[in-house]
Number of protein chains: 2
Amino acid sequence: MFGYTVMRTVTQVMEFDPTRPKWTQIADVIRQRIASGEYPVNRLISETQLEQEFGVARGTVRKVKTALQEEGLIVTTRGMGSFVAKR
Amino acid sequence: MFGYTVMRTVTQVMEFDPTRPKWTQIADVIRQRIASGEYPVNRLISETQLEQEFGVARGTVRKVKTALQEEGLIVTTRGMGSFVAKR
DNA sequence: CTTTATTTGTCCGTATGTATG
DNA sequence: ACATACATACGGACAAATAAA
C-alpha cells in the first residue's frame, strides 16, 4: 500500500557530437523528422521553438533553416513562419 | 505680476545597470509591480506600452514577457494581450 | 458585414561583445 | 586569422486574432 505516483519531468536534451557543428546536427534531426512523417507537410517549424528545444542561439537555428530552405525541405514566409514543404 | 505656469514634461526613464541584461531588470520591475498590487489581476500589460515606458526594442520586451509567462505571472492571448494571471 | 485599430506571433537583417576550437 | 556559438539588443515588416466602430 501507500502506492504513489512520481511525476518525473525528463527534459530531453540533444546530445551533440563535439566534432561537428551543431547546426549540421540539428539539420539532420529535422530532415529525419520530415522524412519519417513526424513533421507532416505544412507543419510549422518556428525559430523560437527550435531555439528552446535544442538549447541553441538564434544564429544557429537560422543556419539550420537556411540549409533546409536551400534543399527545398521547408518554405518560409515572412510573418507566417517556416513550414514543411510539399514534395 | 506677469505670473505664468511652466508645464514641464519629465520623461521618467529607467536607469539600467549596465552589468545586467535589460530584460532581466525590466522583468524584476514587473514582478514587483504585480507583487505589490500596482498591477492587479487581469491588468493588461501590452508590448507597446512596455517599449515606450522603458525605451527598449520590442524584442527585449518579448523576452521579458516570455520569462513572466513561464513563471505563470501573466497569461497571453494573441489579438487580446497579456494580463496579470490569477493566483 | 466591413473596416479599422490594437496586440501578439513570426521572420529578417544587423550589430556588439564574449568565448572556444 | 577563421569558424562556430552564445547572449544581448536594435529596428523593421508582414500575418493573424481580437475587439471596436
Side-chain angles (χ1 to χ4, degrees), chain A residues 11 13-31 33-34 39-86, chain B residues 11 13-31 33-34 39-86:
Chain A
T11 311
V13 180
M14 165 111 185
E15 276 212 33
F16 289 107
D17 173 356
T19 70
R20 282 164 54 228
K22 286 186 179 181
W23 70 267
T24 62
Q25 299 178 56
I26 296 173
D28 286 344
V29 172
I30 306 300
R31 270 188 219 99
R33 289 182 184 172
I34 292 174
Y39 282 177
V41 172
N42 280 336
R43 189 208 144 106
L44 170 66
I45 300 178
S46 87
E47 291 182 2
T48 38
Q49 176 235 304
L50 292 182
E51 281 179 45
Q52 288 165 1
E53 177 179 354
F54 294 99
V56 294
R58 187 187 161 203
T60 309
V61 167
R62 290 189 58 77
K63 271 203 166 121
V64 174
K65 290 180 59 180
T66 302
L68 299 178
Q69 278 162 25
E70 284 167 357
E71 294 164 27
L73 284 177
I74 63 173
V75 175
T76 302
T77 313
R78 183 186 204 171
M80 290 198 62
S82 292
F83 304 89
V84 176
K86 308 182 214 0
Chain B
T11 311
V13 180
M14 165 115 183
E15 276 212 34
F16 289 106
D17 174 354
T19 69
R20 283 165 54 228
K22 287 184 179 181
W23 70 268
T24 61
Q25 298 179 57
I26 296 173
D28 286 344
V29 172
I30 305 301
R31 270 188 219 99
R33 288 182 185 171
I34 293 174
Y39 283 177
V41 171
N42 280 337
R43 189 209 143 107
L44 170 66
I45 300 177
S46 89
E47 292 182 1
T48 39
Q49 174 235 307
L50 292 182
E51 281 179 48
Q52 288 165 1
E53 177 180 353
F54 294 98
V56 294
R58 197 181 159 207
T60 309
V61 167
R62 288 189 60 78
K63 230 171 181 181
V64 173
K65 291 181 62 180
T66 301
L68 298 179
Q69 278 163 27
E70 285 168 357
E71 295 165 27
L73 284 177
I74 62 174
V75 175
T76 302
T77 312
R78 183 185 198 171
M80 289 196 60
S82 291
F83 304 88
V84 176
K86 308 182 217 358

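Numbered from 1 within each chain, the chains take letters A, B, ... in sequence-line order.
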### Query
Residues from residues 18-31 of chain A sitting under 4.0 Å of DNA chain D, heavy atoms only?
A:P21, A:K22, A:W23
### Whole angstrom value for the distance that separates C1' of C:dT8 from CG of A:L44
15 Å
### Message
Strictly distance-based, threshold 3.5 Å: is any side-chain N or O of B:E47 a donor or acceptor partner for the main-chain N or O of B:R58?
### Response
no
### Message
If you compare all heavy atoms of A:S82 against all heavy atoms of A:T76, which two are closest, and at what distance to 0.1 Å?
### Response
OG-OG1, 2.7 Å
### Task
Using heavy atoms and a sub-4.0 Å distance, could you list which residues of residues 57-72 of chain B are near DNA chain D? By number, please.
B:A57, B:R58, B:T60, B:K63
#### Entry: Heavy-atom pair of closest approach, residues A:R31 and A:L73
CG-CD1, 3.4 Å
### Message
I'd like to know if the side chain of A:Q25 reaches the main chain of A:D17, judged simply by a donor and an acceptor atom lying under 3.5 Å from each other, with no hydrogens or angles considered.
### Response
yes
### Task
Report the distance from atom CG of A:D17 to atom C1' of D:dA5, rounded to the nearest whole Å.
16 Å
## Note on the structure
All heavy atoms of A:T24 vs all of A:R20, minimum pair found to be OG1-NH2, 4.0 Å
### A:R33 with A:E53: basic N within carboxylate O range, under 4.0 Å
yes
### Message
If you compare all heavy atoms of A:V56 against all heavy atoms of A:F16, which two are closest, and at what distance to 0.1 Å?
### Response
CG1-CZ, 4.3 Å
### Query
Closest heavy-atom contact between B:V75 and B:A85?
CG2-CB, 3.7 Å
### Summary
B/S/- along nucleotides 16-21 of chain D (protein heavy atoms under 4.0 Å) is BBBS--
### Query
Starting at CD of B:E51 and ending at P of D:dG11, how long is that distance when rounded to a whole Å?
9 Å
### Query
Within this structure, what is the CD-to-P distance between B:Q52 and C:dT6, rounded to whole angstrom?
11 Å
### Message
Tell me whether the side-chain N/O atoms of B:T48 come closer than 4.0 Å to OP1 or OP2 in C:dT7.
### Response
yes
### Task
Give me the one residue out of A:V41, A:V29, A:V84 that meets side-chain contact (heavy atoms from CB on, under 4.5 Å) with A:I34.
A:V84
### Message
Rounded to whole Å, how long is the line connecting atom CD of B:E47 with atom C1' of D:dA15?
### Response
14 Å
### Task
Provide the Watson-Crick or G-U wobble partner of C:dT2, both distances under 3.5 Å; none if there is no partner.
D:dA21
### Task
Determine whether A:T60 and A:E51 make a side-chain contact, defined as any pair of heavy atoms from C-beta on separated by less than 4.5 Å.
no
### Query
Shortest non-hydrogen contact from A:F83 to A:N42?
CD2-O, 3.3 Å
### Task
Round to the nearest Å and state the distance from B:I45 atom CD1 to C:dT8 atom C1'.
14 Å
### Query
What does B:L50 touch in the nucleic acid at a heavy-atom separation under 4.0 angstrom: a base, only the sugar-phosphate, or nothing?
nothing
